[in-house]
Protein chains: 2
Amino acid sequence: MGIATDMEVRARDDHHASLRLWLRLLSCTTRIEDTVRQRLRETFGITLPRFDLMAQLEREPQGLSMGELSRRMMVTGGNVTTIVDQLENEQLVQRQTQAGDRRSFTVSLTPAGRKAFSAMAREHEEWVVDMLSSLSERQQEQLYKLLGNLKRGLHQPSNQETP
Amino acid sequence: MGIATDMEVRARDDHHASLRLWLRLLSCTTRIEDTVRQRLRETFGITLPRFDLMAQLEREPQGLSMGELSRRMMVTGGNVTTIVDQLENEQLVQRQTQAGDRRSFTVSLTPAGRKAFSAMAREHEEWVVDMLSSLSERQQEQLYKLLGNLKRGLHQPSNQETP
DNA sequence: TATTGTTATACTCTATAACTATA
DNA sequence: TATAGTTATAGAGTATAACAATA
């Protein structure tokens, strides 16, 4: 499984502060992500991509097309087909044909899927709350804001060919 | 390639603030990591695990055993064997037999490996500096400190069975 | 027996590309 | 022709387990 390399160990004194920051960011995230992944598997026998797909559907009770799922998950279509096939086998999601365009389906959670997802989401949230609990509410807010700035900065690839 | 799902879209109003923070953390990290991975491949034809292994060796000029590499990279031994095999084929690292214990080797960078790594590391650092450049120096410091707190908190699994 | 490392194998996640059926 | 989705395949990246050589 691997519970996260401590990549931060790579940082050396002569490295730029930004690099140290990045390695620390990577190290924290990987550690949390690996824990979540492992617990989702152990507790619910589900993988992160499948959990994510169900989360997408939970937000859209009216359902989503395969293409829209593919776009939202930033994953190519073939992969969505595979995940939906699995979840459909377990009767957690359903494909419904669309009137109007017979090439396309609407995928949505089944009642069983909604129920299963909500149990998983509850646990998942507890894990995350617990793992972040070493930061005060105020610190979490600060972190949230800083990451917001970072994220906005990443939006434009920031390849400003220095003129 | 995939340049990072925007997982943050999963966050909903009724979700705990910690969950939103986690999704944002994941989203930022994934986006940077995917970019780095892609550029390492395009620019140097190298994967992240191979880059990481070379980084480990660069920090230890006297070399490391396979087992120690496996521990530091938090990856099982078979995988280290594969990576070292590849890098040895390209003459970037070398295995040297140890006097004293003939089961074990010392792996270290060759001069060519040192040279190649230092060129890659320089570029890599530039990419990172650029991607983080939307944050001021002061903001980066703040972020670094907050993540330090978080990381310390993660060290003990924080499974404090609430009494 | 225990340890170091290798080999063989499998599974998850992702991508690309050829294909089918509609439109 | 173009689009929605599927199938087939490949390649990272990881794990486990059986194995060989040495301690």
Side-chain angles (χ1 to χ4, degrees), chain A residues 1-5 7 26 30 33-38 40-42 44-53 63-89 93-107, chain B residues 1-5 7 26 30-31 33-42 44-53 63-89 93-107:
Chain A
M1 176 95 322
I3 292 299
T5 304
M7 324 230 189
L26 183 56
T30 311
E33 190 181 1
D34 284 356
T35 303
V36 166
R37 209 184 281 275
Q38 182 182 324
L40 279 177
R41 171 168 302 289
E42 284 169 358
F44 300 110
I46 199 172
T47 64
L48 201 43
R50 285 181 348 173
F51 181 78
D52 283 340
L53 190 144
L64 292 169
S65 68
M66 297 297 284
E68 188 54 33
L69 272 170
S70 164
R71 251 165 273 128
R72 297 200 186 193
M73 300 184 68
M74 300 288 269
V75 148
T76 52
N79 301 307
V80 174
T81 296
T82 309
I83 300 176
V84 169
D85 283 351
Q86 296 167 341
L87 292 172
E88 203 176 29
N89 271 339
V93 309
Q94 57 197 342
R95 282 178 173 95
Q96 282 163 311
T97 55
Q98 294 207 337
D101 189 338
R102 280 183 303 169
R103 293 171 305 179
S104 175
F105 321 107
T106 296
V107 186
Chain B
M1 178 92 323
I3 292 299
T5 303
M7 322 231 190
L26 183 56
T30 310
R31 203 125 96 212
E33 190 181 1
D34 284 356
T35 303
V36 166
R37 209 183 281 277
Q38 182 183 325
R39 290 188 185 170
L40 279 177
R41 171 168 303 288
E42 284 169 359
F44 300 110
I46 198 172
T47 64
L48 200 44
R50 283 181 349 174
F51 182 78
D52 282 340
L53 191 145
L64 292 169
S65 68
M66 298 295 284
E68 187 54 33
L69 272 170
S70 164
R71 251 166 273 128
R72 297 200 186 193
M73 300 184 68
M74 300 289 267
V75 149
T76 52
N79 301 307
V80 174
T81 296
T82 308
I83 299 175
V84 169
D85 284 350
Q86 295 168 341
L87 292 172
E88 202 175 30
N89 271 339
V93 309
Q94 58 197 342
R95 283 177 173 95
Q96 282 164 311
T97 54
Q98 294 207 335
D101 187 338
R102 280 182 303 169
R103 293 171 305 179
S104 176
F105 321 106
T106 296
V107 185

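Here is how names work: the chains are called A, B, and so on, in the same order as the sequence lines, proteins then strands, and each is numbered from 1.
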To the nearest Å, give me how far apart [atom1] ([X]) and [atom2] ([N]) are.
X: A/Leu69; N: D/dG5; atom1: CG; atom2: P; value: 9 Å
X: A/Ile83; N: D/dG5; atom1: CD1; atom2: P; value: 15 Å
X: A/Leu87; N: C/dT12; atom1: CG; atom2: P; value: 13 Å
X: A/Leu48; N: D/dG13; atom1: CG; atom2: C1'; value: 16 Å

> Under 4.0 Å between a Lys/Arg side-chain N and an Asp/Glu carboxylate O for A/Asp52 and A/Arg72?
Replying inline: no
**Asked** Does a salt bridge link B/Glu42 with B/Arg39, judged by any charged N lying under 4.0 Å from a carboxylate O?
**Response** no
Please tell me which of the listed nucleotides, [options], lies nearest to the side chain of [X]?
X: B/Arg103; options: D/dA23, C/dT14, D/dT6; result: D/dA23
X: A/Thr81; options: D/dG5, C/dT14, D/dT6; result: D/dT6
X: A/Pro49; options: C/dA15, C/dG5, C/dC13; result: C/dC13
X: B/Thr47; options: D/dT22, C/dT14, D/dG13; result: D/dG13

Next item on the list: Identify the residue among B/Thr35, B/Thr47, B/Ile46 that makes a side chain to side chain contact (heavy atoms under 4.5 Å, CB included) with B/Leu40.
Entry: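 When side chain to side chain contact (heavy atoms under 4.5 Å, CB included) is applied between B/Leu40 and each of B/Thr35, B/Thr47, B/Ile46, only B/Ile46 qualifies.
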Just call it for [X]: base, sugar-phosphate, or nothing, with non-hydrogen atoms closer than 4.0 Å on any strand.
X: B/Arg95; answer: sugar-phosphate
X: A/Gly67; answer: sugar-phosphate
X: A/Thr76; answer: base
X: A/Ser104; answer: sugar-phosphate
X: A/Ser70; answer: nothing

So, OP1 or OP2 of D/dG13: does either fall under 4.0 Å of a side-chain N or O from B/Arg37? yes
Residues A/Thr76 and A/Ser70: closest non-hydrogen pair is C-OG, 3.9 Å
Assign each of B/Met66 and A/Thr82 the nucleotide of DNA chain C bearing its closest heavy atom; nearer the 5' end lies the nucleotide of B/Met66
**Q.** Donor-acceptor pair (no angle test) under 3.5 Å: B/Arg102 side chain, D/dT22 base
**A.** no
